[in-house]
Structure formats: C-alpha cells, structure tokens
Protein chains: 2
Amino acid sequence: MQKKPLQCQFVAALDSIVGKWKPIILYHLLQGKPLRFNELRRLLPGITQRMLTLHLRELEEEELVNRVIYPQIPPKVEYSITEYGMSLSPVLEALHQWGAAHVERKQLKKETNEQKETD
Amino acid sequence: MQKKPLQCQFVAALDSIVGKWKPIILYHLLQGKPLRFNELRRLLPGITQRMLTLHLRELEEEELVNRVIYPQIPPKVEYSITEYGMSLSPVLEALHQWGAAHVERKQLKKETNEQKETD
DNA sequence: CATTACAGTACCTTTTTTCATACCATACCA
DNA sequence: TGGTATGGTATGAAAAAAGGTACTGTAATG
C-alpha cells in the first residue's frame, strides 16, 4: 500500500489546477460571485471560447466548479466555485502572492540591467 | 502602470513551477540536501535523462536551483535549491497538502462506487 | 576485455495543448 | 430586415511538451 507516495500527490493536484487558464478561472470564481460564461470570457482576455469551455468542463468534472443552466433564451449558464473548490483557496493564494513577488523581482532585475547598459 | 494585474502574476508563477516534473524536483531539493543528477533521477521514476536535464536547466535559469560542477572523473554535478527557490516552499507545501487530500478523496469515492456495484 | 556508473547531448517521433474559423438556435433591438 | 448577444460545438492546423533511442568519454570494477 501507499505506493508512489510523493509525486502522485503533486501530479494529482497539478492535474486539477494546471492548464493555461485554470488557475485564473478558479481565482476569479473564488471571489465568491457566480459568473456567466461571457463574464468569465471578458475577465480572461485572450482566451478562446473553446478553451474556456474545455477548461470549465474539466473543472466541473473535478467537482471544483458548479455549472448551472437556466432554461432561458438567450441561454444563461452560471459557474461558481464548489465547497470543495474553496479548499484550493490557500494554494491559489500562495501561488498568487509568490507570482506577484516573482514579477516584481524580474522587473527589478531588468531595470538593473538597463542601468548597466547606459553606463 | 500596473497593467494585467491578475493573470500575469499567476502565469509568471506557473511558468516557473509548472512542467510535468518541476514541482517534484523542487520538492525534493527543498528537503535541503543537494542531490546529484542520478540521485534525482532515481527519485523520479519514469523521467528520462533528457527531461531531467531540460527541467533542471530551466530551473537554473530561473535561479531557483544551483548547479555546481565538480571537475572529477567520473563527473559529479550537484543540484541544490537557491535561497530564492526556498521562497517557493509555502507554495509547494500548500500544493502538496492539497494534493494528498485530493488523492484521498478520489480514493474514497472510488471505493464508494465499488460498494454500490457489489450491492 | 566487457560492463557499469557518471552526466549529459543529438536526433527524431509522438502526444498533448492551444489556436483559428466557421457554424448553430433563439430572442431582442433598431 | 439586419445586427447583436447568448453559450456553446465542429473541424482542422499549428505549436508546445514530452518521450525514445542512441551516443559520448573516462575510470573503476569484475
């Protein structure tokens, strides 16, 4: 029992989280407010409809995201974070913070290099 | 100033961390002990030399990992976490913990389903 | 003399992921 | 009557990531 103790946990976690847009989708939904398909699309400039659909389906399958269809015309579909999805909050928060620091660090380094060049 | 506030931070963070093997490599190196190329290889069953080399090079470029060559024969190359790399510790720890819970949850669900089938 | 260990590189193939378009049905608005 | 908004699907192409195999040079081991 308990084989592949380490990497599988990572792999399992990352499979659910990773994808070019998944963390950002989750981050937005973790704000609490359910979002419609096109609302999400506007929040993710550059994403195609196809990619958004695919990623949302995967997140739904992982039970991280709820999908509720309102039988209206024009259609209305709302996506929201599930209770289980909320358990990702600390992970994404940590990631987000580190990302911010990382960007800042890179920026600083770039500026330092530009300084050197003008010397 | 301060455009693309959210997703770029995520993307930047994930670019550094993501890759099929990077988180696991980092996790092992975060244990503190420097590891040789083949030591790492043994810790990552299934990885090819090529993939390990590529990922280590990328991590080195991001300054998350040190690469020290000892001019010996047979060669000895040690990889260790950098100080900057250590700042990833909380992120990976959160990820790792969530991954563990995630795997457990999946396991539980699978068992429940198998129960139903034998009823 | 052949094998193994070390830390890779080179080259090519396969798989996965992403992108770009076009298309669907319906309703509302001008 | 034509355009817009809604939430998608279908299809094929392109790009990115990963994998597979063979090969390098030196030294110690059997």
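We name chains A, B, ... by the order of the sequence lines, and we start the count at 1 in each one. All values reported here derive from a predicted model rather than from experimental measurement.
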Gap between atom CG of B:Leu44 and atom CE of B:Met51 - 0.5 Å precision:
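So the gap between those two atoms works out to 12.5 Å.
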For B:Leu52 and B:Ile25, what are the C-alpha separation, side-chain angles and deciding distance, and is it a side-chain contact (heavy atoms from CB on, under 4.5 Å)?
CA-CA 9 Å; B:Leu52 183 52; B:Ile25 294 172; 3.9 Å; yes
Please test B:Leu59 against B:Leu29 for side-chain contact (heavy atoms from CB on, under 4.5 Å), starting from the C-alpha separation and ending with a verdict.
CA-CA 11 Å; B:Leu59 291 171; B:Leu29 291 178; 5.7 Å; no
I need the [atom1]-[atom2] distance between [X] and [N], as an integer number of Å.
| X | N | atom1 | atom2 | answer |
| --- | --- | --- | --- | --- |
| A:Lys22 | C:dT17 | NZ | C1' | 11 Å |
| B:Leu54 | D:dA18 | CG | C1' | 9 Å |
| B:Leu56 | C:dA7 | CG | C1' | 11 Å |
| B:Ile25 | D:dA18 | CD1 | P | 11 Å |
| B:Lys76 | C:dC6 | NZ | C1' | 12 Å |
| B:Met51 | C:dA7 | CE | P | 19 Å |
| A:Leu40 | D:dG7 | CG | P | 10 Å |
| A:Leu52 | D:dG8 | CG | P | 8 Å |

Does any pair with a residue in residues 20-36 of chain A pass salt bridge (Lys or Arg N to Asp or Glu O under 4.0 Å), and if so which ones, sequence neighbours excluded?
A:Lys22-A:Glu58
Is any side-chain nitrogen or oxygen of [X] closer than 4.0 Å to OP1 or OP2 of [N]?
| X | N | result |
| --- | --- | --- |
| B:Arg57 | C:dT9 | yes |
| B:His55 | D:dA17 | no |
| B:Lys20 | D:dG19 | yes |

Counting any heavy atom closer than 4.0 Å, what does B:Tyr79 reach on the DNA or RNA strands: base, sugar-phosphate only, or nothing?
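Result for B:Tyr79 = sugar-phosphate.
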Give A:Arg41 one of three labels, base, sugar-phosphate or nothing, depending on what nucleic acid heavy atoms sit under 4.0 Å from its own.
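Here A:Arg41 touches no strand at all.
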Does any pair with a residue in residues 66-77 of chain B pass side chain to side chain donor-acceptor pair (under 3.5 Å), and if so which ones, sequence neighbours excluded?
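Found B:Arg67-B:Tyr79, B:Tyr70-B:Glu78.
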Taking only the side-chain heavy atoms of A:Arg42 (C-beta and beyond), determine which of D:dG19, D:dT6, C:dT18 contains the nearest atom.
D:dT6
A:Arg36, nearest nucleotide to its side chain (from C:dT9, D:dT6, C:dC19):
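Output: D:dT6.
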Is it true that A:Ile69 and A:Ile81 fall in one hydrophobic cluster, defined by side-chain heavy atoms closer than 4.5 Å?
yes
Min side-chain heavy-atom separation A:Glu62-B:His102 under 4.5 Å
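Side chain of A:Glu62 against side chain of B:His102, heavy atoms only: contact under 4.5 Å found.
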Can you give one letter per nucleotide of nucleotides 20-30 of chain C, 5' to 3': B if a protein heavy atom sits under 4.0 Å from the base, S if only from the sugar-phosphate, - if neither?
B-----SS---
Is there a Watson-Crick or G-U wobble partner for D:dT11 with both distances under 3.5 Å, and which nucleotide is it?
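Partner of D:dT11: C:dA20.
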